**Q** 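Handing you this structure, nothing more for now.
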Amino acid sequence: MADDLSAVAGFLYEAGTLKHTRRTGWWMAGVNDPESVAAHSWRTSLIASIIAKLEGADPARAAFLAVWHDTQETRTGDVNHLGKKYATSADPVAVTADQTLGMPERLASAIHELVAEYEAKDSPEAVCARDADKLECMLQGIEYKAQGHAHAQRWIDNSRARLTTETGQRPADELLGQDPLDWLRTVLGETPDDAP
């Protein structure tokens, strides 16, 4: 008998709400239309795979952890650092348990294990995924600052200070030394004198 996948289908619709859920901390930096949680999670997963590969950890596992790291925000919203001072923090493992109710057990238990591993920081892949979360926030801050949001510097500095792996810290330094469009200038063969 095939597993009932109705709970999985429901979760996929629920997960889609993260495409519209904004990362609220950026509003304090003056960003009117901040990135979505889904956009943040996508780039975090990419960064996690890079950090893990360079750290000698499993890049697929690190990316897998990162893609699930904020899925609980479908239920809790994105509570920024200031909001966490006043709101009771929801346990990501407990939220995940509710989200996976009715899913086939082998799937639900795999998701529970992922979220618990990420939260416990008990594997090299979880450490890489958590660093990726901070590095992505720093990178987004650099991009917002380049768009004229000077207050994003606070997020840049705080995120940089929270990186723990050498492979998270080294790209952070590289990112801080570049303009967000340097990659495009390089691809187009432009020199620094060509920049507007």
Side-chain angles (χ1 to χ4, degrees), residues 18-55 57 59 62-63 65-73 76-87 89-90 92 118-119 121 124-188 190-192 194-196:
L18 294 177
K19 296 194 298 183
H20 309 288
T21 304
R22 298 292 166 206
R23 303 232 320 139
T24 62
W26 294 118
W27 286 326
M28 289 179 231
V31 179
N32 291 329
D33 188 23
E35 67 175 333
S36 70
V37 172
H40 162 72
S41 294
W42 173 79
R43 190 158 62 174
T44 298
S45 298
L46 185 67
I47 294 168
S49 69
I50 292 168
I51 292 173
K53 184 66 175 178
L54 294 173
E55 284 284 318
L65 289 163
V67 82
W68 286 90
H69 87 282
D70 279 341
T71 55
Q72 305 79 25
E73 292 182 10
T76 64
D78 177 57
V79 180
N80 62 57
H81 188 69
L82 178 61
K84 288 179 182 177
K85 180 178 176 180
Y86 302 100
S89 180
Y118 179 85
E119 293 300 324
K121 303 176 246 179
E125 292 78 14
V127 171
C128 292
R130 293 181 78 83
D131 252 19
D133 182 36
K134 304 306 176 255
L135 187 58
E136 199 288 325
C137 186
M138 189 195 91
L139 178 53
Q140 187 65 62
I142 292 168
E143 292 169 339
Y144 284 147
K145 186 175 178 187
Q147 294 170 14
H149 301 286
H151 296 299
Q153 187 64 50
R154 177 182 181 88
W155 282 259
I156 296 167
D157 295 341
N158 287 341
S159 296
R160 173 62 181 91
R162 295 171 70 192
L163 294 168
T164 61
T165 64
E166 179 184 348
T167 310
Q169 294 167 5
R170 288 180 52 216
D173 293 338
E174 290 293 329
L175 290 165
L176 289 167
Q178 294 183 21
D179 179 89
L181 289 181
D182 281 351
W183 71 271
L184 180 59
R185 291 182 192 100
T186 299
V187 171
L188 295 175
E190 296 175 357
T191 64
D194 297 329

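Every heavy atom of this structure was used, including side-chain atoms; hydrogens, water molecules and symmetry mates were not. Keep in mind that this is a model prediction, so the values were computed, not measured.
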**Q** Flag the pair I156 / L176 as yes when at least one side-chain heavy-atom distance between them is below 4.5 Å, and no otherwise.
**A** yes

**Q** Are there more than 12 heavy atoms of other residues, nucleotides or ligands under 6.0 Å from atom CZ of R162?
**A** no

**Q** Taking the side chain as every heavy atom from C-beta outward, state whether L135 and P171 have any atom pair closer than 4.5 Å.
**A** yes

**Q** Using side-chain hydrogen bond (donor to acceptor under 3.5 Å, both in side chains) as the criterion, list what pairs up with Q147, not counting sequence neighbours.
**A** none

**Q** Where do C128 and A57 come nearest, in terms of heavy atoms and distance?
**A** SG-CB, 4.3 Å

**Q** Of the non-hydrogen atoms in D78 and G25, which two are nearest, and what is the gap between them?
**A** OD2-N, 4.1 Å

**Q** In Å and rounded to the nearest 0.5 Å, what is the CZ to CG distance from R160 to L175?
**A** 10.0 Å

**Q** Taking all non-hydrogen atoms of both residues, which atom of A129 and which atom of A62 are closest, and how far apart?
**A** CB-O, 3.7 Å

**Q** As an exercise, state the distance from CD of Q178 to OG1 of T186, rounded to the nearest 0.5 Å.
**A** 7.5 Å

**Q** Below 4.5 Å, heavy atoms only, C-beta onward: do D70 and R23 meet side chain to side chain?
**A** yes

**Q** Among residues two or more places apart or on two chains, list those pairs meeting ring pair (Phe, Tyr, Trp, His ring centres under 6.0 Å) that have a residue in residues 150-173.
**A** W26-W155

**Q** I want to check something: taking the side chain as every heavy atom from C-beta on, are P34 and T24 in contact at a cut-off of under 4.5 Å?
**A** no

**Q** How close do R130 and E119 get, heavy atom to heavy atom, and via which atoms?
**A** NH1-CA, 3.8 Å

**Q** Starting at OG of S41, measure out to CG of L46 and round the result to the nearest 0.5 Å.
**A** 12.5 Å

**Q** How many angstroms lie between CD in E190 and CG in L181, if you round to the nearest 0.5 Å?
**A** 9.5 Å

**Q** Any side-chain heavy-atom pair from R185 and D179 closer than 4.5 angstrom?
**A** yes

**Q** Would you call the rings of H149 and Y144 parallel, tilted or perpendicular, where under 30° means parallel and over 60° means perpendicular?
**A** perpendicular

**Q** Working to the nearest 0.5 angstrom, can you tell me the gap between L65 CG and T44 OG1?
**A** 12.0 Å

**Q** Measuring from atom CD1 of I47 to atom CG of D131, what distance do you get when rounded to the nearest 0.5 angstrom?
**A** 10.5 Å

**Q** Find out whether R22 and D33 are in side-chain contact, i.e. whether some heavy atom of one side chain is under 4.5 Å from a heavy atom of the other.
**A** yes

**Q** Decide side chain to side chain contact (heavy atoms under 4.5 Å, CB included) for H40 and D133; before the verdict, give the C-alpha distance in whole Å, the side-chain angles of both, and the deciding distance to 0.1 Å.
**A** CA-CA 8 Å; H40 162 72; D133 182 36; 2.7 Å; yes

**Q** Determine the minimum heavy-atom distance between A66 and A48, stating which atoms define it.
**A** CB-CB, 3.8 Å

**Q** Restricting to non-hydrogen atoms, name the atom on N80 and the atom on G83 that form the minimum distance, rounded to 0.1 Å.
**A** OD1-N, 2.9 Å

**Q** Report the residue from R154, Q140, E136, M138 that forms a side-chain contact (heavy atoms from CB on, under 4.5 Å) with S159.
**A** M138

